[in-house]
Undergrad: 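Structure in structure tokens, see below.
Chain naming here is simple, since letters A, B, ... match the order of the sequence lines and numbering starts at 1 in each.
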Number of protein chains: 2
Amino acid sequence: MQYVKIKDSIVEQIEAGMLCPRQKLPAERKLAESFDTTRVTLREALSLLEAEGRIYREDRRGWFISPEPLCYDPTLTVNFSTMAQAQNRIPKTQLLTAKSTLANKQAARLLGLQPFSDIYCIDRVRYLDDRPVAYVTSYIRPDIFPNLLDFDFSDSLTDVYREHFSVRYQKTRYRIVTSTLMGEMAQALRTTSGTPAMVIERINYDQNGAQVSCDIEYWRHDAISIESVAEFAQ
Amino acid sequence: MQYVKIKDSIVEQIEAGMLCPRQKLPAERKLAESFDTTRVTLREALSLLEAEGRIYREDRRGWFISPEPLCYDPTLTVNFSTMAQAQNRIPKTQLLTAKSTLANKQAARLLGLQPFSDIYCIDRVRYLDDRPVAYVTSYIRPDIFPNLLDFDFSDSLTDVYREHFSVRYQKTRYRIVTSTLMGEMAQALRTTSGTPAMVIERINYDQNGAQVSCDIEYWRHDAISIESVAEFAQ
DNA sequence: GAGTGGTCTAGACCACGGA
DNA sequence: CCGTGGTCTAGACCACTCA
């Protein structure tokens, strides 16, 4: 199991501090040569490191050392920017598309709507320190938030909800699974199809208990660590 | 991107119901031939399916269709058996080792102990419908649970805590990240090094707010879906 | 003992990134 | 335009599973 040894040897170098976060690894051909193996085996080792969350790739640009993940507490309502800044990270959000459309299967399922109901669909990419880390799709009920698309929600939707519609979240139902980035999501996050991802689905309820919106977040899995505290009724 | 097409074609067969959960895929060489490609490319496609959580492998036995994941709510105190049975699954727990030892770095960090403090260490494997799905390591403070190892905790530790020590969890601090199964963990779960995993670390506090134990759970990532509800203070 | 999966080799071509 | 990563080929050997 040569590729495990190669992986361990690179892990050692990372932990010894010889490789810093965001730093690029040497070219695959050079690494392969230095470990006296072929590119195929070397890439096996790199994939392992990627799966462990220690390195990440940028499509056709190479492999880089992963920075510390962002702590994400799904039981809090803080928005992305606030959360990132509290952890000394620089957040950025890029709006990809915002449109009024008809609910697809996924949106209908999450929001309990009839298929083909009207719905707003907003796609955004979240950055941490200029690295794209998450692709977020939001589906929003237009009957609750009429003319939402006229506002500036590029940074925070929850701010717009609160300030212009007096809607605050009362609760969120969330689901976390692992999957991969594919197609346009992979491209938007500057990576290749098949990159491991953490998927967070959230269904948001307003103060009246109505399902008002949902978010599907695809995170590069090395960029996030879910952390929270659960208190139990005695 | 041939391997994405192969993957899609297998996904199609799964979703059409032609392949049932737990069913074995044909041999790699046969699949490769039927898609008119080499084993290397075919395995690329299989790894993608594994990363998506649609198939899983058993070491040297082959590839199988993943069953529905278990819903796991980290904000509840229910034990594994109860949780599994509530979802019509057959749980089983196998005790690997239970010993009194000195805290390693990980245990000391999680429980806030001095290095080399005395600690109990218990390793178990959790099964669902006879499939090994999680490797769980528990570190437990012997000053809170004296002579714990004399009891039968093979099934549920929390039951023993409650019945014999009158300790109930008041809260749990948890952390969820993705990583891989390596070495003996991979072996215990009947798979190979590098299999994607969901890691759940829990630090448990008793009714007095003391850190009494912690668990590190390595789940096959396709076997689990984290689901919960968060209520917000207004 | 046949067949299988796990691992590895030694190449190749292409399209894209960056200088 | 060079070097790079992304993808693919056509094999090979070994250790293990399972009939």
Undergrad: Expressed in angstrom and rounded to an integer, what is the separation of I55(A) atom CD1 from dG5(D) atom P?
TA: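 Interatomic distance, CD1 of I55(A) to P of dG5(D): 11 Å.
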Undergrad: Nearest whole angstrom, please: distance from the C1' of dA15(C) to the CE of M1(B).
TA: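 Roughly 12 Å, once rounded to whole Å.
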Undergrad: Between dC2(D) atom P and R29(A) atom CZ, what is the distance in whole Å?
TA: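 Between P of dC2(D) and CZ of R29(A): 15 Å.
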Undergrad: What is the distance from CZ of R57(B) to P of dT4(C), rounded to the nearest Å?
TA: 17 Å
Undergrad: Of the residues in residues 33-46 of chain A, which ones touch DNA chain C at a heavy-atom distance under 4.0 Å?
TA: T37(A), T38(A), R39(A), V40(A), T41(A)
Undergrad: More than 12 non-hydrogen atoms from neighbouring residues, nucleotides or ligands closer than 6.0 Å to CD on E33(A), yes or no?
TA: no
Undergrad: dG18(C), dG5(C), dT9(D): which one has an atom nearest the side-chain heavy atoms of R61(A)?
TA: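 So the nucleotide nearest the side chain must be dG18(C).
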Undergrad: Start with the C-alpha distance between T178(A) and T178(B), add both sets of side-chain angles, then the distance that settles side chain to side chain donor-acceptor pair (under 3.5 Å), and finish with yes or no.
TA: CA-CA 8 Å; T178(A) 56; T178(B) 56; over 6 Å; no
Undergrad: Between R57(A) (side chain) and E50(A) (backbone), is there a donor-acceptor pair under 3.5 Å?
TA: no
Undergrad: Calculate the interatomic distance between W63(B) atom CH2 and dG5(C) atom P; express it in whole Å.
TA: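 Between P of dG5(C) and CH2 of W63(B): 10 Å.
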Undergrad: With a 4.0 Å limit, can you tell me whether K24(B) has a side-chain N or O closer than that to the phosphate oxygens OP1/OP2 of dT4(C)?
TA: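 For K24(B), the contact criterion (side-chain N or O under 4.0 Å from OP1 or OP2 of dT4(C)) is not met.
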Undergrad: The side chain of D59(A) is closest to which nucleotide in this list: dG5(C), dT9(C), dG6(D)?
TA: dG6(D)
Undergrad: Nearest to the side chain of T192(A), heavy atoms from C-beta on, is which of dG6(D), dG6(C), dT4(D)?
TA: dG6(D)
Undergrad: Separation of K5(A) atom NZ from dT7(C) atom C1', in whole Å?
TA: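 In whole Å, dT7(C) C1' lies 12 Å from K5(A) NZ.
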Undergrad: Is E28(B) salt-bridged to R43(B), going by a charged N under 4.0 Å from an acidic O?
TA: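 Looking at R43(B) together with E28(B), the answer is yes, because their closest N to O distance falls below 4.0 Å.
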Undergrad: Would you say the side-chain atoms of Q87(A) pair up with the backbone N or O of C71(A), donor to acceptor, closer than 3.5 Å?
TA: yes
Undergrad: Classify the side-chain pair T192(A)/D59(A) by whether it contains a donor and acceptor separated by less than 3.5 Å.
TA: no
Undergrad: Among residues 183-191 of chain B, which residues get a heavy atom nearer than 4.0 Å to DNA chain D?
TA: none
Undergrad: Check the pair I216(B) / E201(B) against side-chain contact (heavy atoms from CB on, under 4.5 Å), numbers first and verdict last.
TA: CA-CA 5 Å; I216(B) 302 113; E201(B) 275 178 13; 4.1 Å; yes
Undergrad: Specify the separation, in whole Å, of atom CD of E28(A) and atom P of dC14(C).
TA: 19 Å
Undergrad: List the atom pairs, with distances to 0.1 Å, where a side-chain N or O of residues 100-109 of chain B and a protein N or O form a donor-acceptor pair under 3.5 Å, not counting sequence neighbours.
TA:
residue : atom : partner : partner atom : Å
N104(B) : OD1  : Q106(B) : N            : 3.3
N104(B) : OD1  : A107(B) : N            : 2.8
N104(B) : ND2  : Y139(B) : OH           : 2.9

Undergrad: I'd like to know if E52(A) and K7(A) make a salt bridge, using a cut-off of under 4.0 Å between side-chain N and carboxylate O.
TA: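 Here E52(A) pairs with K7(A) in a salt bridge, since their nearest N and O are under 4.0 Å apart.
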Undergrad: Does dT4(C) have its OP1 or OP2 closer than 4.0 Å to a side-chain nitrogen or oxygen of K30(B)?
TA: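 Answer is yes, contact under 4.0 Å.
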Undergrad: Nearest of dA15(C), dT7(C), dC13(C) to any side-chain atom of Y3(A)?
TA: dT7(C)
Undergrad: Can you tell me the distance, in whole Å, between the CD atom of E58(B) and the P atom of dT4(C)?
TA: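 These atoms are roughly 17 Å apart.
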